[in-house]
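Just so you know, ligand 1 is whichever comes first in the structure, and atom 1 is the first atom listed for that ligand. No hydrogens, no waters, no symmetry mates; every other heavy atom, side chains included, goes into these values.
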Amino acid sequence: MALKLVMFGPPGAGKGTQASQLGQSRQIPQISTGDILREAVNRGTALGCQAKIVMDKGKLVSDELIVGIVRERLARSDVEHGFILDGFPRTVAQAVALDESLTDEDPLIVIELSVPDQVLVQRLSCRRVCGQCGATYGASGGEVPTVCSSCAADLVVRDDDREEVVLERLRVYREQTQPLVAFYGDRFSFVNIDGNQPPDAVQVSMSIAIDDVLSVAGDRVAHGDRNDRVQVTS
Ligand code: AMP
């Protein structure tokens, strides 16, 4: 059974860190729509120029544009054994489009990472990214890092991590992305994970929850019972 996973959660919840670690351990690609857009911005493509204006304001790029990007990405052969979508879907319209484009019977595992607002604001104020390779760093031992440990370039504050933009991103999250909880909430493959734990503990919780969902999915296939809406709790 292929591992098809989507992760959503507010900015600063740790989606990127967790998705990257999970992608490496399960050997499936991590597809971050934010990374794809930032790469387009850095390359100065037409898409990048269009996206930058929206991203710098803390808003979401259009459903049409992002759904097109994800559809194209999911058509590549490296997703054959699964994928982790990090930061997509972010609206109910995107979730509907994703359901429509998944034609096989592997369960879509949906992880919501929850973290209190005050922790998010604190994390984002310390977040730095490498201006060269794009690696992301958080504060460690109370120290905000300044140099990239993999390529030694200077670390910078992401344009959309400025305080006024962060507040807008949190507002947009509540308004446009939080409704995904109601959209996915009664699926057996929906899991809420407490993201306010040390990163390794979050990874362990996610891994246990994923294996639980896969095991329930396997049982359902064995019993020919695909419509059972059992909730798996983390
Ligand atoms: P992220 O790195 O996931 O925090 O995304 C950074 C920014 O990219 C977001 O604030 C949005 O402006 C844009 N973005 C990323 N993913 C999506 C998406 N699925 N839908 C709309 N906009 C997105």
Side-chain angles (χ1 to χ4, degrees), residues 5-23 29-43 45-74 83-102 108 110-115 117 119-121 123-131 133-138 155-181 183-184 195:
L5 181 81
V6 305
M7 288 182 63
F8 73 94
K15 298 183 295 292
T17 307
Q18 297 299 332
S20 154
Q21 208 175 324
L22 193 69
Q30 168 206 10
I31 303 170
S32 156
T33 44
D35 283 351
I36 293 172
L37 292 171
R38 276 185 292 277
E39 203 186 306
V41 170
N42 290 340
R43 281 192 283 123
T45 63
L47 162 69
C49 296
Q50 202 185 330
K52 182 167 170 44
I53 301 167
V54 179
M55 291 165 80
D56 283 354
K57 288 186 189 144
K59 313 263 189 221
L60 297 184
V61 306
S62 74
D63 288 333
E64 199 189 351
L65 192 136
I66 207 81
V67 165
I69 290 175
V70 171
R71 281 220 173 104
E72 240 179 78
R73 183 63 188 82
L74 292 184
F83 54 78
I84 302 168
L85 276 169
D86 152 16
F88 181 94
R90 256 176 156 102
T91 64
V92 170
Q94 292 177 19
V96 170
L98 179 63
D99 276 351
E100 283 167 3
S101 64
L102 296 176
L108 178 68
V110 181
I111 293 188
E112 178 198 19
L113 268 187
S114 299
V115 176
D117 275 9
V119 177
L120 296 170
V121 172
R123 280 188 191 174
L124 292 172
S125 70
C126 298
R127 178 158 78 177
R128 298 291 181 271
V129 291
C130 174
C133 73
T136 299
Y137 296 84
L155 301 182
V156 295
V157 177
R158 236 170 80 167
D159 284 342
D160 58 354
D161 280 347
R162 284 173 293 121
E163 194 183 335
E164 67 279 16
V165 185
V166 164
L167 297 178
E168 176 62 6
R169 287 165 70 205
L170 287 172
R171 193 193 64 73
V172 167
Y173 180 79
R174 261 179 243 114
E175 196 179 289
Q176 301 199 52
T177 308
Q178 201 104 63
L180 291 179
V181 175
F183 181 81
Y184 286 125

Out of R169, K57, E168, whose heavy atom sits nearest atom 10 (O) of ligand 1?
-> R169
What are the two closest heavy atoms between A95 and Y184, and how far apart are they?
-> CB-OH, 3.4 Å
Report yes if R90 has an N/O atom closer than 3.5 Å to an N/O atom of ligand 1; otherwise report no.
-> yes
Polar proximity ligand 1 side, L60 side, N/O cut 3.5 Å exclusive | no
Per-atom contacts, ligand 1 versus V61 - under 4.0 Å to a heavy atom = 21 (C), 22 (N)
Going by heavy-atom distance to atom 8 (O) of ligand 1, choose the closest among K59, M55, K15.
-> M55
Using a strict 4.0 Å cut-off to heavy atoms of R158, name the atoms of ligand 1 that fall inside it.
-> 1 (P), 2 (O), 4 (O), 6 (C)
Run through K59, K57, R174 and flag the one making a salt bridge (charged side-chain N to carboxylate O under 4.0 Å, His left out) with E168.
-> K59
Atoms of ligand 1, numbered as shown, that sit under 4.0 Å from any heavy atom of D160 = 6 (C)
Quick one: which ligand 1 atoms are inside 4.0 Å of a heavy atom on L37?
-> 8 (O), 13 (C), 14 (N), 15 (C)
Using atom types as modelled and distance alone, determine if a side-chain donor or acceptor of R90 lies under 3.5 Å from a backbone N or O of Q176.
-> no
Atom indices of ligand 1 within 4.0 angstrom of Q94 heavy atoms, with elements = 18 (C), 19 (N), 20 (N), 21 (C)
Check each atom of ligand 1 against the heavy atoms of T33 and keep those under 4.0 Å away; list them by number with element.
-> 15 (C), 16 (N), 17 (C), 19 (N)
Which of R123, R128, R169 passes side chain to side chain donor-acceptor pair (under 3.5 Å) with D161? It is R169
With a 4.0 Å cut-off, would you call R162 and D56 a salt bridge?
-> no
Looking only at non-hydrogen atoms, find the nearest pair between D63 and T91 and report the distance.
-> OD1-OG1, 2.9 Å
K15 side chain to L113 backbone, donor-acceptor under 3.5 Å | no
